[in-house]
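Before any comments, here is the structure.
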2 protein chains.
Amino acid sequence: MATIKEVAQHARVGVGTVSRVINNASAVHPETRARVQRAILELDYYPNQAARQLVTAQTLTIGVILPFLVRPFYVNVLQGIAAAVLPSPYHLNIFNVETAAIRSYYFEELPVRGRIDGLIVISLPLEQADVDRLRGARIPTVLIDGWHPEIASVGMDNRAGTRLAVEYLIGRGHRRIAFMSGPLDEELHFQVNRHRLEGYHAALAAHDLHSYPSMEQSGVDTYAGGGWMTEQLLDLPVPPTAIFAASDVHALGALQTAVRRGLRVPEDIAIMGYDDIELAPYVNLTTMCQPMAEMGRRGVELLMEQLGAEPPQPIHDVLMATLVPRGTA
Amino acid sequence: MATIKEVAQHARVGVGTVSRVINNASAVHPETRARVQRAILELDYYPNQAARQLVTAQTLTIGVILPFLVRPFYVNVLQGIAAAVLPSPYHLNIFNVETAAIRSYYFEELPVRGRIDGLIVISLPLEQADVDRLRGARIPTVLIDGWHPEIASVGMDNRAGTRLAVEYLIGRGHRRIAFMSGPLDEELHFQVNRHRLEGYHAALAAHDLHSYPSMEQSGVDTYAGGGWMTEQLLDLPVPPTAIFAASDVHALGALQTAVRRGLRVPEDIAIMGYDDIELAPYVNLTTMCQPMAEMGRRGVELLMEQLGAEPPQPIHDVLMATLVPRGTA
DNA sequence: GTACGTAATGGAAACCATTCCATAATGGCG
DNA sequence: CGCCATTATGGAATGGTTTCCATTACGTAC
């Protein structure tokens, strides 16, 4: 590999001039510039990134730490991030978290290793210790689908979104509406399900409807889990007339189970999902659509702003999910 | 940030000794080592990555270039890769390709930028120019779901897998078996669909069955696409008794359409998929299961071997898909 | 007692780009 | 014609690590 020194010699200029041509900083005589550019081409020169990083103290790398990479929501956000980063000089480092141990490992090592310029955290709640560490290491951070007073974020108002969904069901005349979600407590301490449950309660309360513990199910985050919970609900002495599922995956399970039990949807049982995954339009699922790619895009935007000059106050964006009325509710 | 020099002064040793402690290379007196380690702790020292990279010429970064990040197959392979890389010191850079232009951009820039030590390419066929460039830049490369004589790879035998699937249908007594896949020609030049079509032909030929162009559909890669193609097939004067879909997404579309048209599956029409996506067991889809995470894991393994010492001959692994008999065929 | 191998250590050189200061050349203006 | 501002340019210093060579100290074998 050619070095800047060799290019300089070859073009009969100093290294400073070559550097100025590469980074087109300050004034270089057009003729000189042309000579340098020819030398670069002839020697097939590319600046050494490591040397550059050493002196500029920039890695041109953005870290993305996210749980459960394979789930549609996270991949879609990631895709939005990737698309937004593409036209920039930054590369994307991904860190997939599947257990609390790995979570801790990353949050302890990442800030300190000096391998990223900025960090995007998806869905994982930040503890104060994490925030302090990131701040100490001067790593601009953005939370996607999360919130912390000191950190810029682009979140979803899950309470309001759920309330919208449940009020839609109420508006369609339903009075016995069940709630179904993934686990309310797991080791990674996700907040989503809890927030959606709160939104559900808020909607009921706002319309003077009672909430019953037996109408609230939470369980494993799979299609099958949705099916099982639906069985529970339908076997109730007084079963619900509508089910709000906090994720489309569960809603699909519910749909499947309802059909298998010979119920008509939405006449006998209405089903509403959350997420609007790729499959949703195809099975005609009424659901809440989250702007996943947009969240990723906006997250990158917020991070880039911080990468320039840290604004005094962290910006908190809140996006709203929109209701997509289809055939199941 | 503390530097190695400060640590050395603080521990009253030379920088060389500190370096030896950090990288536990060669002999350091236990007492000295302890003193250095204490100094490191007290000064909260972490080696500067950029400086390290500069002198070792290693980035400790592996690039993964893959198309259509959001599709289940790619995410799952990526997850396997991420899991395999986790215990190593390497980080993962992902490059999502959605158009031929972006593909070219990455393949031209990546080798030359000196930001990755090795590259994993998923599904994207390599042109000779790409191979030469990668070789020229001394970037060890592994192909996942791809093949090139000069590059190590872990691939799927899509012809054999498809043949297995179609022969299973033949074994169940089917004689009019349709084929359905994504586009045979698109700008990224994927080979899968073509290979699966070849496997389909081979299976028919081996059992003296005719193949008819009208029984071979290819179209867009969505659930809806599968539905449309199924309509075409079922509207044929002599419709098929079984459909082999080259992906589960299409199979799901077929299933949906068949049910909507009041056909019993598998009695009136048998449906076989390919991939075994998360949804497949839940809708009881008979399909071919690809060891996606395993492909990722094995790809990393092959790359790591090359990262040590380049073996003279590239290793070509071929994994087989396994048939998962369920309720639709 | 001498010679030699081994363990432990210090520190200069090398890695390669950016930055900044010094200097040279040029042009305009009084 | 002299002075100053501006434009171009060269190159040393800088960043922080690893590596390698030189040196010291010590134990062992003859």
Side-chain angles (χ1 to χ4, degrees), chain A residues 1-41 43-61 89 91 112-117 137-138, chain B residues 1-40 43-61 89 91 112-117 137-138 307:
Chain A
M1 282 300 283
T3 69
I4 199 173
K5 207 176 186 178
E6 292 167 338
V7 173
Q9 282 167 359
H10 197 263
R12 299 188 313 283
V13 296
V15 289
T17 303
V18 178
S19 177
R20 277 184 287 268
V21 170
I22 298 170
N23 305 292
N24 48 353
S26 77
V28 176
H29 194 91
E31 209 169 88
T32 316
R33 153 165 285 125
R35 213 164 65 241
V36 170
Q37 279 166 338
R38 198 149 43 80
I40 289 176
L41 249 48
L43 297 180
D44 194 29
Y45 166 75
Y46 286 88
N48 179 307
Q49 277 303 321
R52 230 177 209 186
Q53 286 180 24
L54 180 57
V55 49
T56 60
Q58 279 201 3
T59 62
L60 293 185
T61 299
H91 282 188
V112 113
R113 290 292 177 210
R115 294 180 60 174
I116 54 173
D117 289 342
R138 297 241 142 60
Chain B
M1 282 299 283
T3 69
I4 200 173
K5 210 175 184 178
E6 293 168 337
V7 173
Q9 283 168 357
H10 197 263
R12 299 189 313 283
V13 296
V15 289
T17 303
V18 178
S19 177
R20 278 184 287 266
V21 170
I22 297 170
N23 305 292
N24 47 352
S26 77
V28 175
H29 192 90
E31 209 170 89
T32 316
R33 153 165 285 125
R35 213 164 65 240
V36 170
Q37 278 166 338
R38 199 148 45 79
I40 288 176
L43 297 181
D44 194 30
Y45 166 74
Y46 286 87
N48 179 307
Q49 277 302 322
R52 230 178 209 183
Q53 287 179 23
L54 179 57
V55 49
T56 61
Q58 280 200 2
T59 62
L60 293 185
T61 299
H91 282 189
V112 111
R113 288 294 177 207
R115 294 181 60 173
I116 55 173
D117 289 342
R138 297 240 142 60
L307 249 22

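We name chains A, B, ... by the order of the sequence lines, and we start the count at 1 in each one.
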Donor-acceptor pairs under 3.5 angstrom involving side-chain atoms of residues 30-39 of chain B: please list them, not counting sequence neighbours.
residue: B:Arg35; atom: NE; partner: B:Ala11; partner atom: O; Å: 3.0
residue: B:Arg35; atom: NH2; partner: B:Ala11; partner atom: O; Å: 3.3

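- Direction of the helix axis in the helix from C:dG1-D:dC30 to C:dG30-D:dC1 shifts by 50° between the two five-pair termini, rounded to 10°.
- As rounded to whole Å, 10 Å separates atom P of C:dT26 from atom NE2 of A:His29.
- Between the P atom of D:dT18 and the CG atom of B:Leu54 lies a distance of 11 Å, rounded to the nearest Å.
- Contact check, B:Tyr45 against D:dT17: a side-chain N or O comes under 4.0 Å of OP1 or OP2.
- Taking 3.5 Å as the limit, the base of D:dG15 and the side chain of A:Arg52 contain no donor-acceptor pair of atoms between them.
- A:Val15 comes within 4.0 angstrom of a nucleotide base, judged by non-hydrogen atoms across all strands.
- Using a 4.0 Å heavy-atom cutoff across all strands shown, A:Val18 reaches no nucleic acid atom at all.
- Counting only heavy atoms from C-beta on, B:Ala27 has its side chain closest to C:dA7 among D:dG10, D:dT18, C:dA7.
- Between the side chain of B:Asp117 and the backbone N or O of B:Leu60 there is at least one donor-acceptor pair closer than 3.5 Å.
- Taking every heavy atom of both residues into account, A:Gly114 and B:Gln49 meet most closely at O-CB, 4.1 Å.
- Distance alone, capped at 3.5 Å, is enough to place a donor-acceptor pair between the B:Thr56 side chain and the B:Arg52 backbone.
- To the nearest 0.5 Å, atoms OG1 (B:Thr3) and OH (B:Tyr45) are separated by 7.0 Å.
- Comparing D:dT18, D:dT9, C:dA17 against the side chain of A:Asn48 picks out C:dA17 as the nearest.
- The 5' end of DNA chain C is approached more closely, in terms of each residue's nearest nucleotide, by B:Ala51 than by the other of A:Ile22 and B:Ala51.
- A:Thr61 places a side-chain N or O within donor-acceptor distance of the main-chain N or O of A:Thr59, the cut-off being under 3.5 Å.
- Considering only side-chain atoms of A:Thr3, the nucleotide from D:dG15, C:dC16, C:dA8 that sits closest is C:dC16.
- In the set C:dA17, D:dC20, D:dG11, D:dC20 carries the atom at the smallest distance from any side-chain atom of B:Arg20.
- The distance between atom CG of A:Asn24 and atom C1' of C:dA17, rounded to the nearest whole Å, is 16 Å.
- Atom CG in B:Asn23 sits about 13 Å away from atom C1' in D:dG16, given to the nearest Å.
- Distance NZ (A:Lys5) to C1' (D:dG11): 10 Å, rounded to an integer number of Å.
- Across the protein-nucleic acid pair, B:Ile4 atom CD1 and D:dG15 atom P stand 15 Å apart, rounded to whole Å.
- Between the CG atom of A:Leu60 and the P atom of C:dT18 there is a distance of 11 Å, given to the nearest Å.
- Dashed line: the shortest gap from a side-chain N or O of B:Thr56 to OP1 or OP2 of C:dC15 is not under 4.0 Å.
- Residues A:Asn48 and A:Met1 are not in side-chain contact: their nearest non-hydrogen atoms beyond the backbone lie 4.5 Å or more apart.
- Put simply, the side chain of A:Ile22 reaches to within 4.5 Å of the side chain of A:Ile40, judged on heavy atoms.
- Below the 3.5 angstrom threshold, one finds no donor paired with an acceptor across the side chain of A:Arg12 and the base of D:dG10.
- Nucleotide C:dC15 holds its C1' atom 14 Å from the CD atom of A:Gln53, rounded to whole Å.
- Taking 4.0 angstrom as the limit, B:Thr17 places a side-chain polar atom (N or O) nearer than this to OP1 or OP2 of C:dG10.
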